[in-house]
**Q** 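Structure provided below as structure tokens; questions to follow.
Just so we're clear, the structure is a prediction, and the values are computed from it rather than from any experiment. Just so it is clear: chains get the letters A, B, ... in the order the sequence lines come, proteins before strands, and each one is counted from 1.
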There are 2 protein chains.
Amino acid sequence: MQKRQDKKTRLQAIRLIVSSQALESQEDLQIELDKAGFPCTQTTLSRDLKQLRISKVRGRNGHSVYALPREGMFSPVMTREEKDKRCWRVVFSGNLMVVHTPPGHASMVAYDIDNAGSPYFLGTVAGDDTVLVVLQEDVKREVAREAIGEIVSQLA
Amino acid sequence: MQKRQDKKTRLQAIRLIVSSQALESQEDLQIELDKAGFPCTQTTLSRDLKQLRISKVRGRNGHSVYALPREGMFSPVMTREEKDKRCWRVVFSGNLMVVHTPPGHASMVAYDIDNAGSPYFLGTVAGDDTVLVVLQEDVKREVAREAIGEIVSQLA
DNA sequence: TTGTATTTTGCATAAAAATGCAATAAATCT
DNA sequence: AGATTTATTGCATTTTTATGCAAAATACAA
């Protein structure tokens with residue numbers, strides 16, 4: 001067998017390529033990777049993509065393209081209980097809502113809040129275990145509390 | 001050909017099944033769907049999944065399961081050009097300004113805001129795609145909006 | 001070093017998913 | 001009603017992706 005190429009670097013190249021172009025098959029990716037100086041087989045690509053947790057997702061047109069995984073994505077295998085536990089405590093201060101979560105889960109919760117499209121929440125900033133949510137000015141805390149409850153348990 | 005079953009209903013059933021169990025193949029889905037009273041072929045499923053924009057995503061273990069589409073979940077939903085073109089969304093609440101950016105760009109924007117040396121902005125906190133800017137107490141929103149506009153456009 | 005374990009990779013092949021074509025049900029038009 | 005168009009669906013097949021196995025490079029231990 002020939003001298004191995006640096007796998008780390010190849011994986012990095014794959015990330016780069018996948019994030020910058022819409023590739024529809026491993027064969028296409030293989031071609032691009034080859035251009036970039038990383039020749040390899042479809043077999044290897046299949047394994048690399050698995051390791052990088054890259055999957056094909058459908059655009060509006062129905063076509064599928066490869067895409068990097070985004071944190072905050074959780075598999076449908078997560079149990080109800082696990083999801084409900086994502087949100088620990090909610091307190092308010094001025095027009096800010098402070099959501100406490102388990103360590104490391106803040107970004108996921110923030111992601112869900114952002115994507116819930118609620119009119120009450122203007123935006124979020126996530127740390128490691130805390131999410132800061134900026135409320136619409138005239139929103140009552142009760143309303144906000146209920147809304148966050150729905151988002152967390154609903155996605156749960 | 002036999003009497004057709006209601007496609008609408010079948011699609012609904014697929015949504016339900018996919019969102020409640022971790023299925024690894026269309027064949028598995030076919031079996032579940034059959035149990036639910038919607039017998040059909042893999043061919044039909046392939047088409048249904050395409051129409052529903054359901055795709056396989058990888059869990060942490062690397063295994064793939066079908067999952068309903070979630071907006072904004074994957075990067076390629078928006079191309080790089082679209083991201084660059086997208087106009088920043090700026091909203092206010094109290095003496096806070098909330099600046100939305102493309103995913104991962106918040107810290108860069110925050111950095112630029114900090115370094116712009118504007119007297120209107122006391123400080124910033126950046127998440128992944130949101131920057132929280134604390135405004136000087138007596139600053140008018142129009143002024144703030146204009147100021148941020150200048151800072152941001154310098155980036156582009 | 002020498003021997004052993006682990007990792008990486010490709011080939012051949014299996015498994016999974018997508019699609020061209022054709023048949024026919026259902027809808028629409030005249 | 002009868003004719004025409006559109007939508008669904010399955011079969012056969014192709015295309016795409018995953019994997020068992022083996023070879024060889026690299027890492028590791030004694």
Side-chain angles (χ1 to χ4, degrees), chain A residues 1-19 21-69 75-77, chain B residues 1-15 17-19 21-69 74 76:
Chain A
M1 199 166 269
Q2 309 184 1
K3 185 180 192 306
R4 289 181 195 166
Q5 57 181 253
D6 184 7
K7 188 178 179 183
K8 283 257 177 64
T9 315
R10 187 183 64 235
L11 292 183
Q12 192 53 42
I14 291 176
R15 275 178 189 282
L16 220 67
I17 293 174
V18 165
S19 66
Q21 343 186 3
L23 301 167
E24 300 191 346
S25 71
Q26 295 181 4
E27 196 180 344
D28 288 349
L29 173 55
Q30 186 181 17
I31 292 170
E32 289 305 314
L33 214 45
D34 190 61
K35 288 183 191 169
F38 297 91
C40 67
T41 60
Q42 176 265 322
T43 300
T44 297
L45 280 188
S46 174
R47 289 168 180 144
D48 286 354
L49 293 175
K50 181 174 185 174
Q51 189 170 346
L52 292 170
R53 303 214 305 122
I54 289 174
S55 40
K56 276 174 98 165
V57 297
R58 297 177 201 273
R60 266 153 219 73
N61 45 26
H63 283 216
S64 287
V65 293
Y66 281 98
L68 296 175
S75 76
V77 220
Chain B
M1 201 167 269
Q2 309 184 359
K3 184 180 190 306
R4 290 181 195 166
Q5 55 180 256
D6 183 8
K7 188 178 179 183
K8 284 259 176 62
T9 315
R10 186 183 63 236
L11 292 183
Q12 192 53 42
I14 291 175
R15 275 179 190 281
I17 292 174
V18 165
S19 66
Q21 344 188 1
L23 301 167
E24 298 191 347
S25 72
Q26 295 181 4
E27 196 181 344
D28 289 348
L29 173 55
Q30 185 180 19
I31 291 171
E32 290 305 313
L33 214 45
D34 189 62
K35 287 183 192 169
F38 297 90
C40 67
T41 62
Q42 176 264 322
T43 300
T44 297
L45 280 189
S46 174
R47 289 167 180 145
D48 286 353
L49 292 175
K50 181 173 186 175
Q51 188 169 347
L52 292 171
R53 303 215 304 123
I54 289 174
S55 41
K56 278 174 96 166
V57 297
R58 296 179 202 270
R60 275 142 217 324
N61 47 26
H63 281 219
S64 288
V65 293
Y66 282 98
L68 296 176
F74 298 99

**Q** May I have the distance from A/R47 (atom CZ) to C/dT7 (atom C1'), rounded to whole angstrom?
**A**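 Rounded to whole Å, this separation is 11 Å.
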**Q** OP1 or OP2 of C/dA17 versus the side-chain N and O atoms of B/K56: is any pair under 4.0 Å?
**A** yes
**Q** So which nucleotide from C/dA16, D/dT19, C/dT8 ends up closest to the side chain of A/K7?
**A** C/dT8
**Q** OP1 or OP2 of C/dT8 versus the side-chain N and O atoms of A/R10: is any pair under 4.0 Å?
**A** no
**Q** Under the salt bridge (Lys or Arg N to Asp or Glu O under 4.0 Å) test, which residues partner A/R10, sequence neighbours left out?
**A**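 Salt bridge (Lys or Arg N to Asp or Glu O under 4.0 Å) list for A/R10, sorted by chain: A/D48.
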**Q** Can you list, pair by pair, the side-chain donor-acceptor contacts under 3.5 Å of residues 27-34 of chain A, counting residues two or more places apart and other chains?
**A**
unit_1	atom_1	unit_2	atom_2	d
A/Q30	NE2	A/C40	O	2.5
A/E32	OE1	A/Q21	NE2	3.3
A/E32	OE2	A/K35	NZ	3.2

**Q** Would one find a side-chain N or O of B/Y66 under 4.0 angstrom from OP1 or OP2 of C/dA16?
**A**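 So the side chain of B/Y66 is outside the cut-off, no N or O lying under 4.0 Å from OP1 or OP2 of C/dA16.
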**Q** Mind checking if A/S25 touches a base, just sugar-phosphate, or nothing, with heavy atoms under 4.0 Å?
**A**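 Sugar-phosphate: the residue A/S25, judged by heavy atoms under 4.0 Å, touches backbone atoms but no base.
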**Q** For the NZ atom of B/K50 and the OG atom of B/S55, what is their distance to the nearest 0.5 Å?
**A**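 So the gap between those two atoms works out to 13.0 Å.
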**Q** Taking only residues two or more places apart in sequence, or in another chain, which ones meet B/Q12 in a side-chain hydrogen bond (donor to acceptor under 3.5 Å, both in side chains)?
**A**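 In terms of side-chain hydrogen bond (donor to acceptor under 3.5 Å, both in side chains), with neighbours along the sequence ignored, B/Q12 is linked to no residue.
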**Q** side-chain hydrogen bond (donor to acceptor under 3.5 Å, both in side chains) with A/K7: which residues, sequence neighbours excluded?
**A**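 side-chain hydrogen bond (donor to acceptor under 3.5 Å, both in side chains) list for A/K7, sorted by chain: A/Q51.
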**Q** C/dA17 P sits how many Å from B/E27 CD, rounded?
**A** 9 Å
**Q** Rounded at 0.5 Å granularity, tell me how far CG in A/L11 sits from CG in A/L16.
**A**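 Answer for the CG-CG pair, A/L11 versus A/L16, is 12.5 Å.
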**Q** Let me know the distance between NE2 of B/H63 and C1' of C/dA15, rounded to the nearest Å.
**A**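 That distance rounds to 14 Å.
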**Q** Would you mind reading off the distance between B/Q30 atom CD and C/dA17 atom P, rounded to a whole angstrom?
**A** 11 Å
**Q** Taking B/K56's backbone N and O only, do any of them form a donor-acceptor pair with A/K56's side chain (distance below 3.5 Å, no angle check)?
**A** no
**Q** Short of 4.0 Å, heavy atom to strand atom, which residues of residues 38-45 of chain A count as contacting DNA chain C?
**A**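 Per residue number, the list reads A/C40, A/T41, A/T43, A/T44.
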**Q** Roughly how many Å is it from CG in B/L23 to P in C/dA15, rounded to a whole number?
**A**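 In whole Å, C/dA15 P lies 19 Å from B/L23 CG.
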**Q** Looking only at non-hydrogen atoms, find the nearest pair between A/Y66 and A/S25 and report the distance.
**A**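 Smallest heavy-atom distance, with atoms named: CE1-C, 3.7 Å.
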**Q** Look at the side-chain N and O atoms of A/K50 and state whether any lies under 4.0 Å from the OP1 or OP2 oxygen of D/dT17.
**A**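 No, A/K50 has no side-chain N/O under 4.0 Å of OP1/OP2 on D/dT17.
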**Q** As a test of reading the structure: which of D/dA18, C/dA16, C/dA18 is closest to the side chain of A/Q26, going by heavy atoms?
**A**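 Among the listed nucleotides, the one closest to the side chain of A/Q26 is D/dA18.
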**Q** Could you check how far CD of B/Q51 sits from C1' of D/dA7, rounded to whole Å?
**A** 11 Å
**Q** Taking all heavy atoms of B/V65 and all of B/A22, pick out the closest pair and write down the distance.
**A**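 Looks like CG1-CB, 3.7 Å.
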**Q** B/E24 CD to C/dA16 P: how many Å, rounded?
**A** 9 Å
**Q** Looking at five pairs on each end of the helix from C/dT1-D/dA30 to C/dT30-D/dA1, what is the angle between the two axes, given to 10 degrees?
**A**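 So the angle between the two local helix axes works out to 40°.
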**Q** Answer yes or no: does a side-chain N or O of B/R58 lie under 4.0 Å from OP1 or OP2 of D/dA18?
**A**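 The answer is yes; a side-chain N or O of B/R58 sits under 4.0 Å from OP1 or OP2.
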**Q** CG of B/L52 versus P of C/dA17: gap in Å, rounded?
**A**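 Those two atoms, CG and P, are 15 Å apart.
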**Q** Using a 4.5 Å cut-off on heavy atoms from C-beta on, say whether the side chain of B/I17 contacts that of B/I14.
**A** no
